Structure formats: C-alpha cells, structure tokens
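Keep in mind that this is a model prediction, so the values were computed, not measured. To find a chain, count down the sequence lines: A is the first, B the second, and so on, and within it residues start at 1.
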Amino acid sequence: MNIISILQQAVVQAVEHLYNHQTEAEKVLVNATPPDFTGDYSVVVFPFVKLAGKAPDQVAAEIGKHVQDHVPQVHAHNVVKGFLNLEIDESYWTNFLDSVVDNQHFGEQPRNGQKVMVEFSSPNTNKPLHLGHIRNILLGWSCSRILDAAGFDVVKVQVINDRGVAICKSMVSWKKFGNGQTPENSGIKGDHLVGDYYVLFENKTKEEYEAWQQTNAAKIIFEEKHKDGQSEQAFFKEYKNKWFNDHSVLGAEVRETLLKWENGDPEVIALWKTMNQWVYSGFDKTYNDLGVSFDKLYYESETYLLGKDIVDEGLQKGVFYRKDDGSVWIDLTDAGHDHKVVLRADGTSVYITQDMGTSRIRYEEFQPSRMVYVVADEQNYHFTVLFETLKRLGEPYADGLYHLNYGLVELPTGRMKTREGTVVDADDLVEEVTRIATEQSSERGEIENFDPAEQQELMRIIGMGALKFFIIKVHPKKKMIFNPEESVDMQGQTGPYVQYSFVRINKLLQRAEIENIDLGLRHGYTGIQPQEKELLLALHQYPAVVREAAEAYDPSLIANFCYALAKAYHRFWHDVKIFQAESQEAKAFRLALSKSVGQVLDHGMNLLGIEMPSRM
RNA sequence: GGCUCCGUAGCUUAAUGGAUAGAGCAUCUGACUACGGAUCAGAAGGUUAGAGGUUCGAGUCCUCUCGGAGUCACCA
C-alpha cells in the first residue's frame, strides 16, 4: 500500500483513539510538505481541532505522536502553525525505488474491464486540417492514452463528415474550373487540392453576389425587404444565405449536385468518391505526422439517415411531440433549455437526429460504458441537448456520455478566419516546427555525425514535441492563444526541455552500461539528498496524477507533471555528482533513480503522444 | 436579453478549500576550464477584474457588479 493511504488510515485511527471520533481516510488531507519545511508529507489537522476542543498545535502534536508510534515508516514529526509534518524513513524510499526502476508500467492502473469510446478529430472532407483540429486531435489522442493507462479499454473513433453542401461546393468548383487537375498531375496534396477548390468556390460566389447586387432584381429586393435605416451593404450581408438559395447560379448547381448525390447519380457519386479519396490520402499523411490513428471510422454518408427510428420511439414514449406541419420536437423547457427540433417537417434528419442514431449504433457495436466526444465548446449547447434527450429516451448508455469541450484556438491577432486567410494549416505547422528544430540543432552541432534520415527523424520528434507540449499543457477548457513563435520555443517550460532531461539520462545509462555498473549496489546507499528526495516524491505522485488525469479527462495534468519532474531532474543533475559520486553505492543509487525518472518521463510524454529522442 | 464558460506578473500559464499564489517567456545578474549550457542559480515583476458573504482558512464555494468569449437555426 502506498504511504499516503497508510498515513490517512493512521490519522483516522489516531483521531478515533484520541478524540473518539469516526472519520474517513479519503477525507484526511495529506500533501507533500513544501520545501521550506522539514518533512516529506504534511497532514492538515484543522478539521479535527473543533472536535478535539484543543489548540491546533496541540492536536497536531498528539496526532503526530500517535502516527509516529504506530506507523513504522514514520520516523519523525514536527508541528508548524497547526500543520503536522511527517518524515518518512529512508527504507520506504529505497523500497519504492525498487518498485519503479524496472517497472515499465509504473503509473498504470490494472485493467478494469470497462470500455470507453473516444471520438475526436471528425473533420469535414472539403478542406485540410488546421490548428483547431490539431488541438482536438491531441486532446483526443492523449485522453485515449490516459484512459488506457487508467485501465480502460479504449476505442478511438472519428466521424468523417463526407457529405453535404461543403463537399458539393468543392465538387462543383473542381468540375467548372479544375481542368482535370489531380493530386498526381499537380503535385498538390489531395486535401489541399480539394480545399483550394472550396476556397475558389467561395471566391467565385462572392464575385457572383457582388455582380448580382448591381442588378435591378437586387435593387427591387432591397427596396422591398430592407429594414428602416438599414444600409444596402448591411442588408446584403444579411441576405447572403437567402440569395445563395434563391438566386445564385452556383448555389443552384450545388443544390443540384447535392440532390443528385442523394439520388445516387453515378457520375456525381464517382466524382464524390474520387475527391474524398484525395482528401483521405491527404489526411492520412497529416495523421501520420501527428502520430495518431483510429480504431474505427464512421462516415456521415452512411450514418446521416440514422436516428429516425429513435424519433418514432420517442414519439411513442411521449418524449417527443409532433407539430401540425409534421416536424418533431422535444420540450426541454423544464430543464432550462428550449424546444428543439429532432426531425424536419419533410421527414429528413437534422444534426441531432444523426447523433442520436450514431450513439446507439456505437453502443450496440461496442457496449462502451462511457462515450467521450472531443468537440469544441461552441457546441456545448448541442451536446447538452443531445445528452438530455438520450437520457429522457432511457437509452442504457445515457449516463456514460461526456462532452470533452475545449476552448477554441485563437491567434494573437484574434480568431482564425478562412476568409481572411489567417487559418493556420496543420501541415504547414508540422513543417515549420521541424524546420525550427533543425535550425536550433545545427547551431549546437550535437548530431551532425548522424545520417540524414536519422537526423530528420530526430528533428521531427523534437519539433513535434515542442508543438504538442505547447498545446497540451494548457487546460482543455481554456481558450488558448496560439503564438506561432512561442509554440516552437525549445527552452523553459517546453517539450524539448523535458526531452532534454531524458536525453541526459539516456547518456548516463549508456555510460553505466559501458562501465558495467551494478545498479544493485544502490541498496547500500544511505543519506538521501534533498534533490534526490524531490525526485522520489515526484515519481511517487505519478500514479495518482494518471488517475486524476483520466477522471478529469485532462491531459494538461500529465504535461505539467512531466515538466515538474524534468525540472527537478535538471536541478538534481546540476547539483549532485553521479559518476563522481562519493561512493559506488551512491553512484548506483543515482543511476537507478535517473533510470526511473527517464522511464516515467518517457511513459508520461507517451501518454501525450510525444516521443523521446535518444540524442538532441 | 436567456443559458454556459472564462478573467491570476507586461505576455503564456499552474495551484483535490490549506502554510509565504508556483512556473516559463521577455528584462537584468551570475554559474561547471570533462555526467552536454535546449541546463542551473539569483533579481525584479501580484490588491488572483471589483464588492460582499460562507469558513478556523477562499484564486478556488455562494451572491451581485464589471469585462471577454461561445451559444440560443427545420446548418453541421
């Protein structure tokens, strides 16, 4: 059993014995003692002061004595301002080190037999992935890894939004202006090519709209429909969607294409398949660069009709109601929400209908006890409604649904906007961070004797380490300001800082190997140094951090832990002699400690999807 | 306007209701003449947006105010 639980229980017994009061072990607060005080762990005794009817210092002293008398691992205690500081015997720490040093799985929980499904990324197929997707993907991926480490069986899925107006725009645009261009004959990555035609479509539409605004038909509509005092410019800005649906030639072509697609028109389907295929091969490359993969893909083209049977059931159960026009609704006003449409008057699905349908087929296929949706917080309301609806329908999985919402990524100049061309492309970003890493590395010249392929791989690992860490270290809920320059920083609180500590350790262990040093000699070591203790305390914390990160779906906890551990290691490395240690035992102990730190850093960063370089 | 989230050093951020709010960047000083300086040490920088309240104890919980974001479509 780990020392914190032991101490908690000892305090429970002390309180019962001294004050005749029952309390729960989990409620006893045991923290790491702050560096300025003597001790390893501190117990907060304030909660017992009142029932003891004594001064805090006296209560702390009494509990301290009782704990020290009954817990062999505690060999001293002191009291400062009502805080009880306990010193743990060295043998506990040396035993602890034994349990870590060769344990590749340290920090993981036993398998719990439960399944979790994590949905993330879920792009549209009309344009390449961008910075926003990267945050989503990194969150989804690292949560998956963390949940796995916490004992769950994780199924990683994404929904490919491969149908609808957006892809039809790219198709129409390509057909009209593409002249048979392909990724092969143009050398342009498939998702970018399709995205280019999407942008072209938007530009052509804009041109068409501007020209149309000069026509008499437009003037008449403006005269008839504008609000009092509304300028022509403001009116037409608002009117754009309506225009696109009622007057635009390009708009008509898109609708026609969409209709043909729904009717299975062979030519349209063929083009759709071709262009989506281009996009998928592009996505594959990006996913590969990011080091992520999925267990199962859901294509919207195959799921967009789902959910209608659930609507029928909902009507029968009285959860839904039908309006005169035939549309179906749910009334959520008693939960502080609105009435929400779940089926259109023409009988077709809306977004939420599909989501009801897919959640059910997922449950039927995998029986996950939890389903996590990694989706930006602009969709909070949608998920609130979705989950509430599924609950009212009595779906068996409704209680295990979780929306992992995260803040949008903004640039220092504000929100990314397609129209203003400020969207940061994922592939560009990957290339950029690798380039910066290479630049920085060549200044140092550490790896110039490596062969080029190996160098490039290292540069990718370091560059991606910087980028990923920069994004993951921020709490998911927070809107994040992405400063491109800072994202490739490699000093301070960064991925490469953590990687560097690993590289240092790696180097030490290589040398230890060459010198054939017996790490077993560490058992003769006594007199643990503060810098060593700091590392042991940090390592000791790791399993709890993994558990917390899984419970809170919060990878930033792992990132911050890794940074703190790396920082403590750098300090240790600087202050304490390892190969020049005062004894063979000290040397072996420090090497074993270093090895453990390296192992845990590697494990933790791996949970974040960050690889460790052997040299840098 | 309703609902939700956010407000911590110049900037980016951390802190299960617990001790003196902890880091990094930027700024200024210093450090191994062999375990790699992508490191370490130090200085300076804070009324945790503001006001009340609960508590032995509040950045954290409650109320109000101010500021910012998102959302409130038979779009996805």
Check your understanding: Regarding A:His403 and A:Asp377, is there a side-chain donor-to-acceptor distance under 3.5 Å anywhere?
Key -> no
Revision key, fill the gap. A:Tyr381 OH to B:G2 P, in whole Å, measures 15 Å
Check your understanding: In whole angstrom, what separates A:Lys340's NZ from B:C74's P?
Key -> 7 Å
Check your understanding: For the base of B:A19, is there a side-chain donor-acceptor partner from A:Ser42 under 3.5 Å away?
Key -> yes
Check your understanding: NA contact type, A:Val341, heavy-atom cut-off 4.0 Å: base, sugar-phosphate, or nothing?
Key -> sugar-phosphate
Revision key, fill the gap. Picking from B:C74, B:U13, B:U20, the nucleotide nearest the side-chain atoms of A:Met480 would be B:U13
Review point. Which nucleotide in the list B:A38, B:C75, B:C11 gets nearest to the side chain of A:Glu486?
Key: B:C11
**Study point:** Nucleotide nearest A:Asp325 when distance is taken to its side chain, options B:C40, B:C56, B:C74
**Key:** B:C74
Practice item. Describe the nucleic acid contact of A:Asn31 in one word from base, sugar-phosphate, nothing, applying a heavy-atom distance below 4.0 Å. Key: base
**Study point:** Shortest side-chain distance from A:Arg615, nucleotide among B:G36, B:C25, B:G18
**Key:** B:G36
Point to revise | For B:A14, the Watson-Crick or wobble partner whose two distances fall under 3.5 Å | key: none
Exercise for review: Name the nucleic acid region contacted by A:Ile462, choosing base, sugar-phosphate or nothing; use a 4.0 angstrom heavy-atom cut-off, strictly under.
Suggested key: base
Review point. Of all the nucleotides listed (B:U8, B:U20, B:G24), which has the minimum atom distance to the side chain of A:Lys81?
Key: B:U20
Review point. Rounding to a whole Å, what distance do you find between A:Arg571:CZ and B:G37:C1'?
Key: 17 Å
Review point. A:Trp329 ring centre to A:Lys323 NZ or CZ under 6.0 Å, with the angle to the axis within 45°?
Key: yes
Exercise for review: Report the distance from atom NE2 of A:His570 to atom P of B:G36, rounded to the nearest whole Å.
Suggested key: 13 Å
Study note, to complete from the structure: Testing B:G70, B:A41, B:U39 for proximity to the side chain of A:Glu378, the answer is B:G70
Check your understanding: Looking across every strand, which nucleic acid part, if any, lies under 4.0 Å from A:Pro56 by heavy atom: base, sugar-phosphate, or nothing?
Key -> nothing
Review point. Side chain of A:Tyr563: nearest nucleotide among B:G36, B:G7, B:A23?
Key: B:A23
Point to revise | Watson-Crick/G-U partner (both atom distances under 3.5 Å) of B:U48 | key: none
Exercise for review: Say whether A:Gln354 and A:Tyr298, considering side chains only, have a donor N or O and an acceptor N or O under 3.5 Å apart.
Suggested key: no
Exercise for review: Sort out the partner of B:A38 for me: Watson-Crick or G-U wobble, both distances under 3.5 Å, none otherwise.
Suggested key: none
Review point. Contact class for A:Lys577 (heavy atom, under 4.0 Å): base, sugar-phosphate, or nothing?
Key: base
Check your understanding: Quick one: is A:Lys479 getting a side-chain N or O under 4.0 Å of the B:G7 phosphate, OP1 or OP2?
Key -> no
Exercise for review: Ignoring the backbone of A:Lys477, work out which of B:C5, B:A15, B:A41 is nearest its side chain.
Suggested key: B:C5
Exercise for review: Please check the phosphate of B:A14 (OP1 and OP2 only) for any side-chain N or O of A:Lys478 closer than 4.0 Å.
Suggested key: yes
Study note, to complete from the structure: The Watson-Crick or G-U wobble partner of B:C5, with both key distances under 3.5 Å, is B:G68
Point to revise | Side chain of A:Tyr497 - closest among B:A14, B:C40, B:G36 | key: B:C40
Practice item. Select one nucleotide: of B:A19, B:G36, B:A14, the one nearest the side-chain heavy atoms of A:Asn85. Key: B:A19
Check your understanding: Would A:His339 and A:Tyr321 satisfy side-chain hydrogen bond (donor to acceptor under 3.5 Å, both in side chains), going step by step from the backbone distance to the final call?
Key -> CA-CA 10 Å; A:His339 292 255; A:Tyr321 67 92; 2.6 Å; yes
Check your understanding: Using a cut-off of 4.0 Å on non-hydrogen atoms, how would the nucleic acid contact of A:Phe83 be classed: base, sugar-phosphate, or nothing?
Key -> base
Exercise for review: To the nearest 0.5 angstrom, please state how far the CG atom of A:Leu401 sits from the NZ atom of A:Lys391.
Suggested key: 8.0 Å
Review point. When you check the side-chain N and O atoms of A:His77 and A:Tyr41, is any donor under 3.5 Å from an acceptor?
Key: no
